[in-house]
Amino acid sequence: MKLKNLEMALEKLDTFERPRADLEQYQTPAPVAARLLFHALMQGDIEDRSVLDLGCGTGVLACGAALLGAARVTGLDLDAGAIQVAEANAARCGVTATFITGDVNDQTLPLDGPFDTVIMNPPFGAQQKYADRPFIDRALREGTVIYGIFNKGSLPFIQSYCEGRATIESVVAAAFPIKKTFAFHKERIREIPVEIVLLRRIEA
Ligand code: SAH
C-alpha cells in the first residue's frame, strides 16, 4: 500500500463521539498517522510484526498498522466509547485487531504481549502533568521498539526519563493540526509541532 492510499483510508475513519478534554482525546490526523506508520514500516517494524497501540482511542494507528500487514494488532484505551469506535473503524477497514478497555497504569491487565512494536500518540500531559510517563513505562515493558508522538521539545525529557532503559534511534518532525474541539480552544485550527520518536529498549 502506498503512503497516499493509507492516508486516504485513515481519513475516512470515525472520530471521538464526545471527546474528553481530561483524557486529551485528539484523533491523530491521517497524514501524521500515516507518516509514523510508514516510518515504522520502512524500519521493518510493522509487516509480520506484533503491534500494540497504547491509548489507541478510535484506533487510527492500530487500523493503519493492520492495513500495512502487521501479524497481529492490539489496542488499549481507558475509554469504552472510543474502543467501540475503534472496533467499528477496524471493521470498516476490513482488518482484525483486538481492542481492550483498560488503564495503561493497570499492571495486572494482560495485553497478550510481548510485542515487537508499540505505536502510540499518548496524552502530552497538557491537562494532567506527566500523563505521558505511564505510557512510556508501559511501552518499554511491552515492546522492543516504540514509535511515539510527543510535543516538540520533549526530547531532553524523554532522554533522561528513558536513561538506561531505551535509546532514541530517530526523530521525525511533523505538524499536528488540532481543530477546535474544547471550549478552551480559541482558534479554529492550531498546528502543534510534534516529534515522532523511535525508542529502542535496552535489553537487560
Ligand atoms: N492514539 C489515538 C488517540 C490519541 S488521544 C489516536 O492516535 O488517534 C490519547 C488517548 O489516550 C485517548 O484516547 C485517551 O482516552 C487515552 N488515554 C488517556 N489516559 C489513558 C490511560 N491512563 N490509560 C489508557 N488510555 C488512556
Side-chain angles (χ1 to χ4, degrees), residues 6-7 9-40 46 51-68 70 73-90 92-93 97-111 113 115 117-143 146-151 154 172 174-179 181-182 185 192 194-197:
L6 178 67
E7 216 178 292
L10 299 181
E11 207 82 69
K12 294 195 188 100
L13 300 185
D14 283 335
T15 189
F16 295 100
E17 278 169 14
R18 280 178 295 278
R20 282 178 56 178
D22 60 328
L23 294 178
E24 293 191 45
Q25 290 184 327
Y26 302 102
Q27 188 180 54
T28 304
V32 182
R35 189 84 194 276
L36 180 151
L37 290 162
F38 253 78
H39 181 41
I46 299 286
V51 178
L52 172 65
D53 180 356
L54 282 181
C56 64
T58 58
V60 174
L61 293 173
C63 290
L67 283 169
L68 291 179
V73 179
T74 303
L76 168 76
D77 203 281
L78 194 55
D79 179 12
I83 289 289
Q84 272 183 5
V85 178
E87 280 166 349
N89 279 337
R92 177 181 298 191
C93 291
T98 308
F99 290 105
I100 301 168
T101 305
D103 193 322
V104 81
N105 292 291
D106 181 356
Q107 305 302 330
T108 63
L109 188 72
L111 288 181
F115 295 89
T117 307
V118 177
I119 49 182
M120 61 182 191
N121 172 20
F124 292 163
Q127 296 302 317
Q128 264 180 299
K129 234 179 161 196
Y130 310 132
D132 49 353
R133 296 187 180 193
F135 281 81
I136 297 174
D137 293 339
R138 191 69 188 253
L140 290 175
R141 195 182 118 187
E142 304 285 348
I146 294 110
Y147 292 81
I149 302 176
F150 298 93
N151 257 331
S154 305
V172 176
F176 192 121
I178 290 190
K179 291 184 196 142
T181 314
F182 302 117
H185 288 164
I192 308 282
V194 295
E195 282 161 342
I196 300 166
V197 180

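Numbering of ligands and ligand atoms starts at 1, following listing order. Only heavy atoms go into these numbers, but all of them, side chains included; no hydrogens, no water, no symmetry mates. Everything numeric here is computed off the predicted structure, so don't read it as measured data.
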Quick one: is the NZ or CZ of R138 closer than 6.0 Å to the six-membered ring centre of F135, and within 45° of its axis?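 Ring-cation test returns no.
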Would you say the side chain of [Y] lies within less than 4.5 Å of the side chain of [X], judging by non-hydrogen atoms?
X: F182; Y: R20; answer: no
X: R92; Y: D14; answer: yes
X: I196; Y: R35; answer: yes
X: I83; Y: C56; answer: yes
X: I149; Y: F124; answer: yes

Rounded at 0.5 Å granularity, tell me how far [atom1] in [X] sits from [atom2] in [Y].
X: I146; Y: I136; atom1: CD1; atom2: CD1; result: 9.0 Å
X: L37; Y: L6; atom1: CG; atom2: CG; result: 6.0 Å
X: F38; Y: I46; atom1: CZ; atom2: CD1; result: 10.5 Å

Between [X] and ligand 1, does any nitrogen or oxygen pair lie at a separation below 3.5 Å?
X: V104; answer: yes
X: L78; answer: yes
X: G55; answer: yes
X: T58; answer: no
X: Q25; answer: yes
X: D53; answer: no

Are any of the heavy atoms in [X] under 4.0 Å away from ligand 1?
X: D77; result: yes
X: A33; result: no
X: C56; result: yes

May I ask you to identify the nearest protein heavy atom to [atom], giving residue, atom name and distance to one decimal place in Å?
atom: atom 26 (C) of ligand 1; answer: F135 CZ, 3.5 Å
atom: atom 22 (N) of ligand 1; answer: D103 OD1, 3.0 Å
atom: atom 18 (C) of ligand 1; answer: P123 CG, 3.6 Å

Could you work out, with side-chain hydrogen bond (donor to acceptor under 3.5 Å, both in side chains) as the rule, every residue matching T117, not counting sequence neighbours?
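In terms of side-chain hydrogen bond (donor to acceptor under 3.5 Å, both in side chains), with neighbours along the sequence ignored, T117 is linked to no residue.
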Exercise. Count the heavy atoms of every other residue, nucleotide or ligand shown that sit under 6.0 Å from CD of Q84, and state whether that count exceeds 12.
Key: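 Counting neighbours around CD of Q84, 12 or fewer heavy atoms of other residues, nucleotides or ligands fall under 6.0 Å, so no.
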Should one rank T28, N89, T15 by closest heavy-atom distance to atom 7 (O) of ligand 1, which comes out on top?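 Of the listed residues, T28 has the closest heavy atom.
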Specify side chain, backbone, both or neither for [X], according to which of its non-hydrogen atoms lie closer than 4.0 Å to ligand 1.
X: F124; value: neither
X: M120; value: neither
X: F16; value: side chain

Taking only heavy atoms of [X] into account, list the atoms of ligand 1 that are under 4.0 Å away from them.
X: E24; result: 5 (S), 9 (C)
X: Y26; result: 3 (C), 4 (C), 5 (S), 8 (O)
X: Q27; result: 8 (O)
X: G102; result: 23 (N), 24 (C)

Assign the ring pair H185 / Y26 to parallel, tilted or perpendicular, where the plane angle (0 to 90°) is split at 30° and 60°.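 Aromatic pair H185/Y26 classed parallel.
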